[in-house]
Amino acid sequence: MRRAIDLIDQNSDQPLALEELAAQMGLSPAHFQRTFSQWAGVSPKRFQQYLTLGHAKSLLSERFTTLETASSVGLSGTSRLHDLFLRWEAMSPGDYARKGAGLIIRWGWFDGPFGPTLAMGTDRGLCGLAFQGDNSAADAFDDMARRWPEAQYLKDAATIAPWVDAALGRSGETRLHLMGAPFQIKVWEALLSIPEGRVTTYGEIAQSIGSPKAVRAVGTAVGRNPIGWLIPCHRALRKTGGLGGYHWGLHVKRAMLAYETAQYETNS
């Protein structure tokens, strides 16, 4: 599915015929259509429509959510997200100031629907979920490790695999350990309250956390979200309907929004 999404995204200006997509995947058209539809919930043709640049604008006009009225979650609360039950807690400001000193962070690479996925976790839960995107694996790892430079990193995919499988497989339970500055935690908490299939703006997030003039700072905090996909920073758009930025590449953000739109329409 990742290869198919990449191919669709590369040809978003000129949608590919089912036969051509299937041939590139080494499958018959019928098999590819069935497999893709089982994963995405819609046909490849419909999914291609969701990857167009105008899709973000239509989302903002049709599915904008006001965070002030969205169901909120406390720092030790729970939230239903991606049909996945998340339990999460935030690192204390004092722990954050120590830059991860005393923590053991286990990590590993996993195959995911949006490309090679780097996962990191403490004994409390996943603290990092990153996507290689256009970067090298080494660059993606260094980007994450610089966030907690004093932590000890241990390559141990097996230990965190159950959390990752639940997160990427959309079933089971995943624990999250939010490790950031207090302002960042507030922004990530706001992101967690955006319902699946909906979007918001950076300005709306700033309003919801009581800092209406801090739009630029909110944008920075959104970009520093260490737990991609599960803390849905991909649902934050510019007020014009533009995609804005995405730390792991705009093509990954478009794919995530397209996937969630497909799931929303299939289940609604």
Side-chain angles (χ1 to χ4, degrees), residues 53 55-79 81-82 86 88-100 120 125-131 133 143-150 176-250 252-254 256-257 260:
L53 294 178
H55 178 53
K57 291 185 178 179
S58 66
L59 278 177
L60 198 57
S61 63
E62 297 172 6
R63 297 190 193 146
F64 174 74
T65 184
T66 301
L67 287 177
E68 291 179 351
T69 60
S71 297
S72 62
V73 291
L75 288 180
S76 59
T78 58
S79 173
L81 183 66
H82 304 307
L86 296 181
W88 61 286
E89 62 177 292
M91 168 181 276
S92 71
D95 287 339
Y96 176 73
R98 287 191 284 274
K99 300 181 180 181
M120 293 183 170
L126 289 178
C127 62
L129 201 63
F131 303 92
D143 182 289
M144 294 297 290
R146 282 196 299 268
R147 299 163 192 253
W148 315 292
E150 301 302 320
L176 302 184
H177 187 190
L178 274 59
M179 294 165 49
F183 182 83
Q184 292 174 326
I185 296 292
K186 289 176 68 176
V187 171
W188 302 340
E189 181 184 16
L191 290 171
L192 278 167
S193 70
I194 305 171
E196 186 172 6
R198 305 278 179 167
V199 294
T200 192
T201 64
Y202 300 106
E204 189 72 14
I205 295 172
Q207 289 278 357
S208 73
I209 65 172
S211 303
K213 296 182 179 180
V215 177
R216 181 169 295 183
V218 163
T220 299
V222 169
R224 296 298 292 170
N225 167 30
I227 309 177
W229 181 236
L230 297 180
I231 298 179
C233 53
H234 58 279
R235 297 179 191 160
L237 307 176
R238 291 175 177 165
K239 64 179 179 180
T240 60
L243 283 173
Y246 191 65
H247 195 74
W248 308 110
L250 285 180
V252 177
K253 183 173 185 174
R254 284 199 300 271
M256 288 178 173
L257 289 171
E260 290 191 336

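Residue numbers count from 1 along this sequence.
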Closest contact, heavy atoms only, [X] versus [Y]:
| X | Y | value |
| --- | --- | --- |
| Ile194 | Thr200 | CD1-CG2, 3.4 Å |
| Ala190 | Ile209 | CB-CG2, 4.1 Å |
| Trp248 | Ala130 | CZ2-CB, 3.3 Å |
| Pro226 | Met144 | O-CE, 3.4 Å |
| Val222 | Ala236 | CG1-CB, 4.4 Å |
| Ile227 | Cys127 | CG1-O, 3.4 Å |

Sub-3.5 Å donor-acceptor pair from the side chain of [X] to the main-chain atoms of [Y], do we have one?
| X | Y | answer |
| --- | --- | --- |
| Asn225 | Pro232 | no |
| Gln184 | Ala181 | yes |
| Ser211 | Ala214 | no |
| Lys99 | Trp148 | no |

Could you state the interatomic distance from [atom1] ([X]) to [atom2] ([Y]), rounded to the nearest 0.5 Å?
| X | Y | atom1 | atom2 | result |
| --- | --- | --- | --- | --- |
| Arg235 | Lys253 | CZ | NZ | 12.0 Å |
| His177 | Asp95 | NE2 | CG | 7.0 Å |
| Arg224 | Cys233 | CZ | SG | 12.0 Å |
| Trp188 | Leu178 | CH2 | CG | 6.5 Å |
| Leu176 | Ile231 | CG | CD1 | 6.0 Å |

Geometric class of the His234/Tyr246 ring pair [parallel <30°, tilted 30-60°, perpendicular >60°]: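 Rings of Tyr246 and His234: perpendicular, as their planes differ by over 60°.
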Phe183 and Val218: CA distance, side-chain angles, deciding distance, side chain to side chain contact (heavy atoms under 4.5 Å, CB included) verdict: CA-CA 9 Å; Phe183 182 83; Val218 163; 4.0 Å; yes
Ion pair Arg198/Glu260, N-O distance below 4.0 Å: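 Looking at Glu260 together with Arg198, the answer is no, because their closest N to O distance does not fall below 4.0 Å.
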Side chain to side chain contact (heavy atoms under 4.5 Å, CB included) between Leu237 and Leu257, intermediate numbers included: CA-CA 11 Å; Leu237 307 176; Leu257 289 171; 4.2 Å; yes
Chi angles and distances behind the side chain to side chain contact (heavy atoms under 4.5 Å, CB included) call for Glu150, Arg98: CA-CA 8 Å; Glu150 301 302 320; Arg98 287 191 284 274; over 6 Å; no
Audit row: Asp143, His247, side chain to side chain contact (heavy atoms under 4.5 Å, CB included) steps and yes/no: CA-CA 10 Å; Asp143 182 289; His247 195 74; 2.8 Å; yes
